Amino acid sequence: MKIYLAKIFSEAASKLNLPADAPVFFDKPKSEQHGDLATNLPLMLTKILKKNPMEIGAQIVESLVYDASVIEKVELVRPGFINIFFNPVYLTQIIKEILEQKENFGKSDKYAGKTANVEFVSANPTGPLTVGHGRNAVCGDTIAHMLEWVGYDVTREYYFNNAGRQMRVLGDSVRLRYLELCGQQNEFPEDYYQGEYIREIAERVKAKHGDSLLNEPAEGIFKDAAESEIFELIKQSLERLGIKHKLFYNENTLYTDGRIEGLLAKFREMGISYEKDGATWLKLSEMGNDQDKVIVKNTGEPTYRLPDIAYHITKYERGYDLIVDLFGSDHNATYPDVLAALKVLGYDTDKVKVLIHQFVTIMQGSEIIKMSTRKANYITLDELIDEAGSDVVRFFFNMLNLGTHMNFDLELAKKHSDENPVFYLQYAHARICSIIRTAAETGLKGNVQNIHLLTEPDEQRLIKMLHRFAEDSLTAAEMLEPGRIATYLKELAATFHRFYVSIRIIGSEQKLAEARLAMAEAVKTTLANGLGILGVSAPERM
RNA sequence: GCCCCCGUAGCUCAGUGGAUUAGAGCAUUGGCCUCCGAAGCCAUGUGCGCAGGUUCGAGUCCUGCCGGGGGCACCA
């Protein structure tokens, strides 16, 4: 649609000898009276041509050559907008397209042949996933879906670290609980993992090994048991939300395959690292960042920055066209270091999109719940799924833009009533399914032969919504914003519900009824496709 | 002290520099089912944190301030 407009406008522009690079930009006007699409081109050209915008507009409109079966009317209004009205009959053709393309309707092949890597969740296996991780998990998966929707071949990846201090403490936490179970009282440090799941792991270790591990160090059996059990829990939680990573990348492999050493050598060779106080520093201040940072501690252990850089290099080497990292806002200070280093090393950092989602504030009633894995003060993602269900959880996280500081209302999420926004969409889908069932009983079936009859305002509004799907889902993918899909679907559902109450399908004149039913099926398909991107089910009945 | 994010209706949030009139949902109040599913529809509102600036035009861009969240470790 916009492509066609761009074409006829550029033809007009060349006739008028207007600058070819003029910013032709079409926009959906807020008011229906202003047409279906509008451009402010005359206003934009005022500056360049130093002429009255209305004069420029008049010339453009005069030179426009368009097909009357596509565009019904073009009008110029003050102070310098050109409004375009589409031909209603032409618009109805979309219904035919949708019913032919079915689950593929709205997809784009714009990025076909490209590959993308989406790294998300990436929580270390120190405890069950919390509601806070839920946002990252759901949005990451939806972003991956969106990229697939527009043609990318996507690798969903989970990066984790099973070495380091956190994991030692975890192993030792299990060890101490085990000793307790064996009758050896001990002081359980406050900064150890307090969660009940630690005891459960210790119980299973004891069931398997009895008292034989009294002198076993934390690092071995205890840590390994904790890691594998917790990782299983995490994978199960994710699976309940329909999330499956293709690759779990262990930070440790970066050490065993020599990448860390190699990278350090490279930094030395390039003269961008130096030794001070027994530690190795990276000259980030020379790369435009605030200050130099330590990459190897005086204990000889690297800080997270070094493996992070090495890890991203592996992503480049694996040849992705797009690299997406989704982090919580607690990481917002770390990624600039990594990007700066990559840039100095000669990598194209434009390929990397670092997305930061803001934290989730959990509200239970009016009470704010502060969460901490260490203190075992949290609501797990599993508990939330138990109570609210996967669809609600996915929709809640998907319906907000990443930058929004989210207030997650547990009470609302648990309510299976009209207060819960996800049901609004699912209901529209189920309602259409019901209509189709009822119609079938009387032998009525959708038919695209007569869709040109759909010219009522409520029908046209709905048809125009259908036109927006492909474009809106492409924009959502390019902007990496799941919330846009949800916003679109809410509008589509609302438009359908309004149509439903004002216009009858079954019971109207046969040809009209068939056309309307075909349109309803198109809406159903579009809703299902959109919900599919979000990972939310489209039920036939509720 | 510095950096990132946010501030839109009572509440949760949309809003890609444009048009007399800034939108949804929930909550409130009042209507709508002998008729395709009322988990729906219609009606109901003194709202863009404050102050400047850029622009023909600012919720949207810039600066400052106020308020909230997250960071600024030889923790990840």
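Since the structure is predicted, the reported quantities are computational estimates derived from the model, not experimental observations. The basis for the numbers below is simple: all heavy atoms, side chains too, and nothing from hydrogens, waters or symmetry mates. Letters A, B, ... are given to chains in the order of the sequence lines, protein chains preceding strands, and every chain is numbered from 1.
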Exercise. Would one find a side-chain N or O of A:Tyr335 under 4.0 angstrom from OP1 or OP2 of B:C72?
Worked result: no
Exercise. So which nucleotide from B:G37, B:G71, B:G15 ends up closest to the side chain of A:Ala333?
Worked result: B:G71
Exercise. Should the pair A:Tyr159 and A:Tyr249 be assigned to parallel (<30°), tilted (30 to 60°) or perpendicular (>60°) ring geometry?
Worked result: tilted
Exercise. From B:A14, B:C36, B:A73, pick the nucleotide closest to the side chain of A:Ile435?
Worked result: B:C36
Exercise. With respect to the side chain of A:Gln358, which nucleotide from B:G69, B:G15, B:G37 is positioned closest?
Worked result: B:G69
Exercise. Rounded to the Å, how far apart are A:Glu540 CD and B:C36 P?
Worked result: 20 Å
For this session: Looking only at side-chain atoms of A:Ile506, point me to the closest of B:G40, B:A76, B:C36.
Result: B:C36
For this session: Name the orientation of the base relative to the sugar in B:C42: syn if the glycosidic angle is within 90° of 0, else anti.
Result: anti
Exercise. How are the rings of A:Phe408 and A:Phe396 set to each other: parallel, tilted or perpendicular (split at 30° and 60°)?
Worked result: tilted
Seminar exercise, completed: The Watson-Crick or G-U wobble partner of B:G52, with both key distances under 3.5 Å, is B:C62
Exercise. Which residue pairs pass the salt bridge (charged side-chain N to carboxylate O under 4.0 Å, His left out) test when at least one of the two sits in residues 327-338 of chain A, sequence neighbours left out?
Worked result: A:Lys293-A:Asp337, A:Arg305-A:Asp337
Exercise. Among B:C74, B:A39, B:C13, which nucleotide sits nearest the side chain of A:Asn407?
Worked result: B:C13
Exercise. Watson-Crick or G-U wobble partner for B:U29, using a 3.5 Å limit on both distances?
Worked result: B:A43
Exercise. Taking C-beta and beyond as the side chain, do A:Tyr311 and A:Arg259 meet within less than 4.5 Å on heavy atoms?
Worked result: no
Exercise. Is the distance from OP1 or OP2 of B:C72 to the nearest side-chain N or O of A:Asn289 less than 4.0 Å?
Worked result: no
For this session: Could you give the distance separating B:G70 and B:G17 at their P atoms, to the nearest angstrom?
Result: 30 Å
Problem set entry | Distance, C1' atom - from B:G45 to B:C11, rounded to whole angstrom | 14 Å
Problem set entry | Minimum-distance nucleotide (side-chain atoms of A:Gln291 versus B:A76, B:C72, B:C42) | B:C72
Seminar exercise, completed: By nearest-heavy-atom nucleotide on RNA chain B, the more 5' of A:Ser329 and A:Val296 is A:Ser329
Problem set entry | Distance-only donor-acceptor test, A:Asp330 side-chain atoms vs B:A76 base atoms, 3.5 Å | no
Exercise. Of the nucleotides B:C35, B:A76, B:G70, which has the atom closest to the A:Thr303 side chain?
Worked result: B:A76
Problem set entry | Selection from B:G37, B:G15, B:G70 that lies nearest to any side-chain heavy atom of A:Met542 | B:G37
For this session: For A:Phe86 and A:His467, run ring-ring contact (aromatic ring centres under 6.0 Å, His included): C-alpha distance rounded to whole Å, both residues' side-chain angles, the deciding distance at 0.1 Å, then the answer.
Result: CA-CA 12 Å; A:Phe86 292 121; A:His467 273 276; 7.5 Å; no
Exercise. Between B:C74, B:A73, B:G71, which one does the side chain of A:Lys293 approach most closely?
Worked result: B:A73
Problem set entry | Under 3.5 Å on both distances, the Watson-Crick or G-U partner of B:A24 | B:U12
For this session: Could you give the distance separating B:G10 and B:C72 at their P atoms, to the nearest angstrom?
Result: 37 Å
Problem set entry | Counterpart base for B:C74, defined by Watson-Crick or G-U wobble contacts under 3.5 Å | none
Seminar exercise, completed: Of the candidates B:G40, B:C6, B:C75, the side chain of A:His405 sits closest to B:C6
Exercise. Atom CD1 of A:Ile503 and atom C1' of B:G40: how far apart are they, to the nearest Å?
Worked result: 16 Å
For this session: Tell me whether the OP1 or OP2 atom of B:G37 has a side-chain N or O from A:Thr438 closer than 4.0 Å.
Result: yes
For this session: State which residues pass salt bridge (charged side-chain N to carboxylate O under 4.0 Å, His left out) with A:Asp292; sequence neighbours excluded, sorted by chain then number.
Result: none
